[in-house]
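Written below as structure tokens is the structure these notes are about.
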Amino acid sequence: MRALAIGFSSLVVLIAICIIWLKAGQPDADILSIGTFAVLSLTLVVLVWYAYDRYSIARFTRDRWRREGVLGTSYGFDLVGAKGTSGRTLVKLSNPSPLLVWVKINCNFRLYGEPVRYGELYDGARRWLLFPQQFSQGWFELETLVQMKDKAVAAMMSESTAANRRQQLMTAEPEFWGELGAIVSVVHGAPSSSISPVWA
């Protein structure tokens, strides 16, 4: 972009110098017209550089947002209720930034390696929309998930061991997009984290 601005400005200056030199050499040269043309040519050069500077500022700002992840979004999974119950799990999303944020959460629900689909918002098929300064939450129940594969919470609890606990249910994979299009960093929660089931 810089090369384009320099090239265009140089071309305008070169053309203006040639025209002024040719016109000034004529006996009936109009000094006022030549001066007006020179001022207009310089104005065009200034406008080109102004547009280039505006483009550079916008690009640097966008790069800074991407580099620093200043959106500071956060997410969390909180198990509600006592051990051995339905396992209602709250999904909490927070956007303290002044920008819109889209969130895709793929909970990657699996029972011993077999995929289970709970809903579009939790399977990564549909995105959450967080407005500036918005806190949002949803929930799912682990009991409903295990029943989809003809299992019961009590059975899963009895089968749970230290070795298979992380493979029994799911791994969360959230992704956050800012208004500027880049995937942004999160404040709380890791980009991919295993969720301990209700029986753990």
Side-chain angles (χ1 to χ4, degrees), residues 1-78 90-108 119-138 171-193:
M1 188 69 179
R2 182 181 175 85
L4 183 63
I6 292 173
F8 184 78
S9 299
S10 301
L11 183 64
V12 169
V13 169
L14 184 63
I15 291 172
I17 289 173
C18 289
I19 291 174
I20 291 170
W21 182 71
L22 289 173
K23 279 299 216 178
Q26 294 179 355
D28 59 339
D30 184 2
I31 300 299
L32 184 60
S33 297
I34 294 173
T36 303
F37 176 75
V39 169
L40 288 174
S41 299
L42 291 174
T43 303
L44 180 58
V45 170
V46 169
L47 287 174
V48 167
W49 280 101
Y50 175 77
Y52 171 73
D53 285 342
R54 296 284 293 176
Y55 166 79
S56 298
I57 291 169
R59 189 190 61 194
F60 291 146
T61 302
R62 184 177 66 247
D63 291 345
R64 183 178 67 86
W65 280 84
R66 288 179 176 174
R67 186 175 56 252
E68 296 176 5
V70 294
L71 289 178
T73 52
S74 65
Y75 76 95
F77 291 86
D78 290 331
L90 294 180
V91 180
K92 298 179 178 180
L93 301 170
S94 177
N95 175 26
S97 79
L99 299 179
L100 287 171
V101 173
W102 292 268
V103 185
K104 184 173 76 172
I105 297 178
N106 182 9
C107 288
N108 197 23
E120 292 181 336
L121 286 174
Y122 304 102
D123 295 331
R126 191 168 147 206
R127 297 185 299 179
W128 301 63
L129 173 62
L130 297 180
F131 290 97
Q133 313 297 324
Q134 181 183 2
F135 173 81
S136 184
Q137 70 179 25
T171 301
E173 300 170 351
E175 292 181 2
F176 290 73
W177 288 270
E179 203 172 332
L180 301 174
I183 296 177
V184 297
S185 62
V186 295
V187 173
H188 304 295
S192 178
S193 59

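These values consider heavy atoms only, across backbone and side chains, with no hydrogens, waters or symmetry-generated copies.
Under the salt bridge (charged side-chain N to carboxylate O under 4.0 Å, His left out) criterion, the residue pairs touching residues 121-131 are Arg117-Asp123, with sequence neighbours excluded.
For Leu11, the side-chain contact (heavy atoms from CB on, under 4.5 Å) criterion is met by Ile15, not counting sequence neighbours. Take Lys23 and apply the side-chain hydrogen bond (donor to acceptor under 3.5 Å, both in side chains) test, not counting sequence neighbours, and it matches no residue. Annotation: side-chain contact (heavy atoms from CB on, under 4.5 Å) contacts of Ser136 (sequence neighbours excluded): Trp128, Leu130, Gln134. Checked against side-chain hydrogen bond (donor to acceptor under 3.5 Å, both in side chains), Asp78 has the following partners two or more places apart in sequence or in another chain: Lys92. Residues satisfying the side-chain contact (heavy atoms from CB on, under 4.5 Å) criterion with Gln133, sequence neighbours excluded, are absent altogether.
A 4.5 Å side-chain heavy-atom check between Ser74 and Leu93 finds every atom pair outside the cut-off. Here the side chains of Ile6 and Ser10 are in contact, with some heavy-atom distance below 4.5 Å.
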Between Ile105 and Val91, is the side-chain contact (heavy atoms from CB on, under 4.5 Å) condition met? List the steps. CA-CA 10 Å; Ile105 297 178; Val91 180; 3.7 Å; yes
Taking only distance into account, with no hydrogens and no angle test, what donor-acceptor pairs under 3.5 Å do side-chain atoms of residues 30-50 form with protein atoms, sequence neighbours excluded?
{"unit_1": "Asp30", "atom_1": "OD1", "unit_2": "Leu32", "atom_2": "N", "d": "3.3"}
{"unit_1": "Asp30", "atom_1": "OD2", "unit_2": "Ser33", "atom_2": "OG", "d": "2.8"}
{"unit_1": "Thr36", "atom_1": "OG1", "unit_2": "Leu32", "atom_2": "O", "d": "2.8"}
{"unit_1": "Ser41", "atom_1": "OG", "unit_2": "Phe37", "atom_2": "O", "d": "2.9"}
{"unit_1": "Thr43", "atom_1": "OG1", "unit_2": "Val39", "atom_2": "O", "d": "2.8"}
{"unit_1": "Trp49", "atom_1": "NE1", "unit_2": "Ser9", "atom_2": "OG", "d": "3.0"}

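The CG atom of Asn95 lies 9.0 Å from the CG atom of Leu129; values are rounded to the nearest 0.5 Å.
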